[in-house]
Amino acid sequence: MKLTANQMLSLYDAFKAINAPRGAQGKKHQLPTILSLSVAAILCGMRGYKDIALWVQSLGNNARSRFRCRKRNGRYEAPSRTVIRNALVNVDPEQLNQALNIWNAHYGYLDERLAIDGKTMCNALDDQGRQTHIMSVIGH
C-alpha cells in the first residue's frame with residue numbers, strides 16, 4: 001500500500017461522526033478507535049473477529065497509542081475480540097459506509113489498488129433482531 005501511517009490513522013477522524021451504538025456504561029474503548037483498528041487489521045489481511053482481535057493484541061504500546069487506545073497504568077489497552085465484534089455488529093451500516101466513502105474520497109486516489117465497502121446482510125439477524133453487517137477492504 002502507498003498510504004502513510006498518518007493517512008491510515010486519519011480513519012479515527014473519519015469515524016468520529018458515527019453515533020456509538022453502545023450505552024455509556026462499560027464503554028472503555030471509543031468507537032472510532034475500534035473501527036480504525038478493525039480497518040487497519042483488514043487492510044493487513046485479517047479476516048473475521050478473531051483474526052482482527054489477534055492483530056490488534058499484537059500491536060505494541062506505541063502503535064496502540066497512535067490508534068488512540070485507552071491508557072491505563074502507563075500502557076495502552078487494546079479492545080478485546082468481544083468488544084470488536086460487538087462494535088462491528090452494532091454500528092450503523094449507513095453511517096459506517098458514509099464515513100468510509102468520505103475517507104476513501106480523501107485517500108483512495110493515493111493508492112488506486114485500495115477498495116473499501118460495507119454491506120448489510122439480508123435475513124441475517126441476531127437474537128435481538130439486529131442485522132449483520134460486513135465491512136471489507138481490498139487491496140487490488
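For clarity, every value in this text was computed on a predicted model and none was experimentally measured. All heavy atoms count here, side chains included; hydrogens, waters and symmetry mates do not.
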Full working for side-chain contact (heavy atoms from CB on, under 4.5 Å) between Leu11 and Leu35
CA-CA 8 Å; Leu11 283 165; Leu35 295 175; over 6 Å; no
Sub-3.5 Å donor-acceptor pair from the side chain of Gln98 to the main-chain atoms of Pro93, do we have one?
no
Do the side chain of Asn90 and the main chain of Asn86 share a donor and acceptor less than 3.5 angstrom apart?
yes
Heavy-atom pair with the smallest gap, counting every atom of Ile18 and Leu96
CD1-CA, 3.7 Å
Listing request: all salt bridge (charged side-chain N to carboxylate O under 4.0 Å, His left out) pairs with a residue in residues 7-17, at least two apart in sequence or in separate chains.
Asp13-Lys16, Asp13-Arg68
One pair to check against side-chain contact (heavy atoms from CB on, under 4.5 Å): Asp51 and Ile42. What are the steps and the verdict?
CA-CA 9 Å; Asp51 286 346; Ile42 292 167; over 6 Å; no
For the CD atom on Gln95, are there more than 12 heavy atoms of other groups (residues, nucleotides or ligands in this structure) within a distance under 6.0 Å?
yes
Of all heavy-atom pairs between Ser36 and Pro32, which one has the smallest distance, and what is that distance?
OG-O, 2.7 Å
Hydrophobic clustering (ILVMFWY, side-chain heavy atoms < 4.5 Å, transitive) - are Ile34 and Tyr76 grouped together?
no
Shortest non-hydrogen contact from Phe15 toward Leu100:
CZ-CD2, 3.7 Å
Gln30 side, atom CD; Arg70 side, atom CZ - distance, nearest 0.5 Å:
11.0 Å
Quick one: does Arg81's side chain have a donor or acceptor within less than 3.5 Å of a partner on Ile52's backbone?
no
Test side-chain contact (heavy atoms from CB on, under 4.5 Å) on His29 and Glu77 and set out the steps.
CA-CA 9 Å; His29 303 282; Glu77 295 180 343; 4.1 Å; yes
Check for me, please, whether Leu59 and Leu9 land in the same ILVMFWY cluster - side-chain distances under 4.5 Å, paths through other members count.
yes
Would you say Trp103 ends up clustered with Tyr12 if hydrophobic residues are merged whenever their side chains have heavy atoms under 4.5 Å apart, either directly or through other cluster members?
no
Evaluate the criterion side-chain contact (heavy atoms from CB on, under 4.5 Å) for residue pair Tyr49 and Thr82; output intermediate values, then yes/no.
CA-CA 8 Å; Tyr49 307 119; Thr82 303; over 6 Å; no
Sequence neighbours excluded, the answer for side-chain contact (heavy atoms from CB on, under 4.5 Å) partners of Arg75 is Asn61
Do you know the tightest heavy-atom contact between Pro79 and Cys69?
CD-SG, 4.4 Å
